[in-house]
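Throughout, a chain's letter reflects where its sequence line sits, starting with A, and its residues are numbered from 1. Atom set for the values below is all heavy atoms of this structure, side chains included, hydrogens, waters and symmetry mates excluded. Everything numeric here is computed off the predicted structure, so don't read it as measured data.
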Amino acid sequence: MTNELIADLEWRGLLAQTTDRDSLLKDLGTGPVKFYIGFDPTAPSLHVGNLVVILVMRRFQLAGHLPIALVGGATGLVGDPSGRNEERTLNTESTVSKWVENIREQLSRFLDFDSAVNPAVMANNLDWTKSMSALEFLRDIGKHFSVNQMLAKDSVSSRLESGGISYTEFSYQVLQAFDYLELFRRQNCRLQLGGSDQWGNIVAGLDLIRKVEGGSGHALTIPLMAKSDGTKFGKTAGGSIWLDAEMTSPYAFYQYWINTDDADVERYLKVFSFKDHSELERLLDTVKVNPGAREAQRELAREVTSLVHGTDQCEKVEAASKALFGQGELKDLDIETLSAALSQLPKVTINRGEEFPTWVDLIAASGIVDSKSAARRIVKENGAYLNNEKIAGENFTPTEQNLIHGRFLILRKGKRDLASVEVL
RNA sequence: GGCGGGUUGCCCGAGCGGCCAAUGGGAGGGGACUGUAAAUCCCCCGGCUCUGCCUUCGAAGGUUCAAAUCCUUCACCCGCCA
């Protein structure tokens with residue numbers, strides 16, 4: 001038995017593990033299946049790592065299935081031990097509930113909630129856990145869990161070896177299992193998706209459903225994104241790449257994608273792009289034939305940035321990138337293009353008539369170096385540029401003559417770190 | 001509860017009274033090469049009003065001309081014995 005959706009996911013490298021494959025294929029082939037993915041509020045925003053799973057959700061919806069986006073208002077209060085070797089610090093209820101709202105808003109960008117046929121719905125596990133008493137929980141849910149099995153779960157056993165785990169985090173798998181049970185009961189949800197680190201938690205849910213309701217459901221996990229150089233996907237020296245425009249500017253977001261290694265671009269495109277197979281094959285071919293053109297990276301950056309920040313925003317940052325990294329003279333850019341491009345960068349303003357600060361002071365003020373010492377080091381190491389021209393000497397101070405269109409200066413550190421100065 | 005070991009810069013980890021802003025590795029940054037890629041090679045990598053000064057070696061006190069290094073107390077971690 002084959003199924004177009006599953007075959008496609010497999011082609012894209014998005015399948016890690018599933019429960020009984022034939023029966024899953026049968027259900028997916030028979031009609032729309034209700035499925036869910038949970039997102040715990042562990043930060044103010046989702047990040048590009050979450051995007052992998054979110055987009056799989058979108059693929060399921062496009063294939064006609066019914067998504068439930070579950071926000072972990074309850075589980076976020078407890079903390080998932082999966083993939084961590086240390087206990088989490090608990091966040092306050094008000095913090096978590098604020099993050100829940102942010103995550104809801106972000107999820108809503110990727111799913112269709114208004115579809116007449118198969119609209120997505122939101123859920124929050126706080127709804128069925130908040131009012132439950134500890135005694136009810138222990139008697140009705142806890143009774144079905146064998147501690148022996150719970151201890152055997154990777155997420156727990158690895159923690160037992162590395163410094164221990166609190167009762168709170170130990171209970172996490174029970175809470176997540178309970179979620180699946182509730183969604184099974186309330187909405188007839190029969191499939192849970194998640195990152196491959198979630199396998200244990202998902203299966204715990206299936207066990208619970210079998211024991212309590214005698215029912216059965218499916219599990220499907222998605223491989224965790226890895227980079228070819230072994231570093232973590234979605235992280236830079238500056239931290240995570242967030243979906244929130246305040247936390248990671250659309251410009252920085254676009255830059256993250258356009259800087260993708262050749263070695264990774266194929267996997268990324270398959271995971272993040274919604275282009276059809278033949279178009280993807282063509283793009284991947286360009287990587288082999290003319291890697292220098294970086295067409296695949298450009299398309300990847302464009303598609304993901306549009307998806308997350310909208311096509312308007314994407315066009316702006318794309319134009320900015322083109323202008324700032326283009327071969328032409330900055331002076332030749334018209335003022336609208338230039339000022340639009342610069343608006344995407346960290347910015348320092350100085351008042352007209354005031355004396356210009358040194359390059360070092362300006363770049364330090366822009367925040368793209370950590371300290372003035374670091375800024376001086378850059379100059380000493382020959383990585384300091386003003387308007388794309390190298391400057392020499394740490395006392396270098398721009399003058400009126402350097403202003404582009406009488407208003408702007410472009411500071412650059414190294415190859416690609418830019419900031420703008422505007423004289424008002 | 002008893003005995004012993006540990007806590008060093010973003011991470012790992014040397015140092016065990018002055019030569020220590022502190023060896024080495026990783027991460028990170030700059031340069032060269034190239035393609036806003038990777039690999040490679042070279043350099044840098046606490047801060048500042050920068051030939052000097054200031055703040056760092058779990059915390060607080062103390063000894064000393066001088067402490068990351070010695071002493072005391074406290075906190076946390078890790079072994080062994082109860």
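Taking side-chain N and O atoms only, A/K415 has no distance below 4.0 Å to OP1 or OP2 of B/U34. Under 4.0 angstrom from either OP1 or OP2 of B/A37 there lies no side-chain N or O belonging to A/T260. Residue A/K390 places at least one side-chain N or O closer than 4.0 Å to OP1 or OP2 of B/A32. Side-chain nitrogen and oxygen atoms of A/R416 include at least one within less than 4.0 Å of the OP1 or OP2 phosphate oxygen of B/A37. Between A/Y385 and the phosphate of B/G31, there is a side-chain N or O to OP1/OP2 separation shorter than 4.0 Å. Note on A/S371: a side-chain N or O is less than 4.0 Å away from OP1 or OP2 of B/C48.
Between the CG atom of A/D261 and the P atom of B/A38 there is a distance of 5 Å, rounded to whole Å. Atom NZ in A/K380 sits roughly 16 Å away from atom C1' in B/C42 (whole-Å rounding). If you take CD1 of A/I258 and P of B/U36, they are 10 Å apart, rounded to a whole angstrom. Taking atom OH of residue A/Y251 and atom P of nucleotide B/U36, one finds them 13 Å apart after rounding to whole Å. Distance CG (A/D262) to C1' (B/U36): 12 Å, rounded to an integer number of Å. Regarding A/D264, its CG atom lies at a distance of 16 Å from the C1' atom of B/G35, rounded to whole Å.
Considering CZ of A/F113 and CE of A/M122, their distance stands at 3.5 Å, rounded to 0.5 Å.
For the pair A/K413 and A/A263, both in contact range of RNA chain B, the more 5′-proximal nearest nucleotide belongs to A/K413. Taking the nucleotide of RNA chain B with the nearest heavy atom to each of A/A384 and A/N259, the more 5' of the two is matched to A/A384.
In terms of polar N and O atoms assigned as donor or acceptor, the side chain of A/D417 never comes within less than 3.5 Å of the base of B/G29 in a complementary pairing.
Only A/P291, A/G292, A/R294, A/Q297, listed by number, bring a heavy atom of residues 287-306 of chain A to less than 4.0 angstrom from any atom of RNA chain B.
As the counterpart of B/U7, B/A75 is assigned, both hydrogen-bonding distances of the Watson-Crick or G-U wobble pattern falling under 3.5 Å.
A salt bridge does not link A/K316 with A/D312: every distance from a Lys NZ or Arg NE/NH1/NH2 to an Asp or Glu carboxylate oxygen is 4.0 Å or more. A/R282 and A/E295 are joined by a salt bridge, as a carboxylate oxygen and a charged side-chain nitrogen come within less than 4.0 angstrom of each other.
Across every non-hydrogen atom of A/K275 and A/E299, the tightest pair is NZ-OE1, 3.0 Å.
Considering only heavy atoms from C-beta on, A/V56 stays 4.5 Å or farther from A/F35 through its side chain.
For A/N382, counting side-chain heavy atoms from C-beta on, the closest listed nucleotide (B/U36, B/G29, B/G31) is B/G31.
Judged by the 6.0 Å distance and 45° axis criteria, A/R104 is not positioned over the aromatic ring of A/F39.
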request  = Go through A/Q176 and A/Q198 one step at a time and tell me if the side-chain hydrogen bond (donor to acceptor under 3.5 Å, both in side chains) criterion holds.
outcome  = CA-CA 10 Å; A/Q176 185 166 331; A/Q198 291 302 308; 3.3 Å; yes
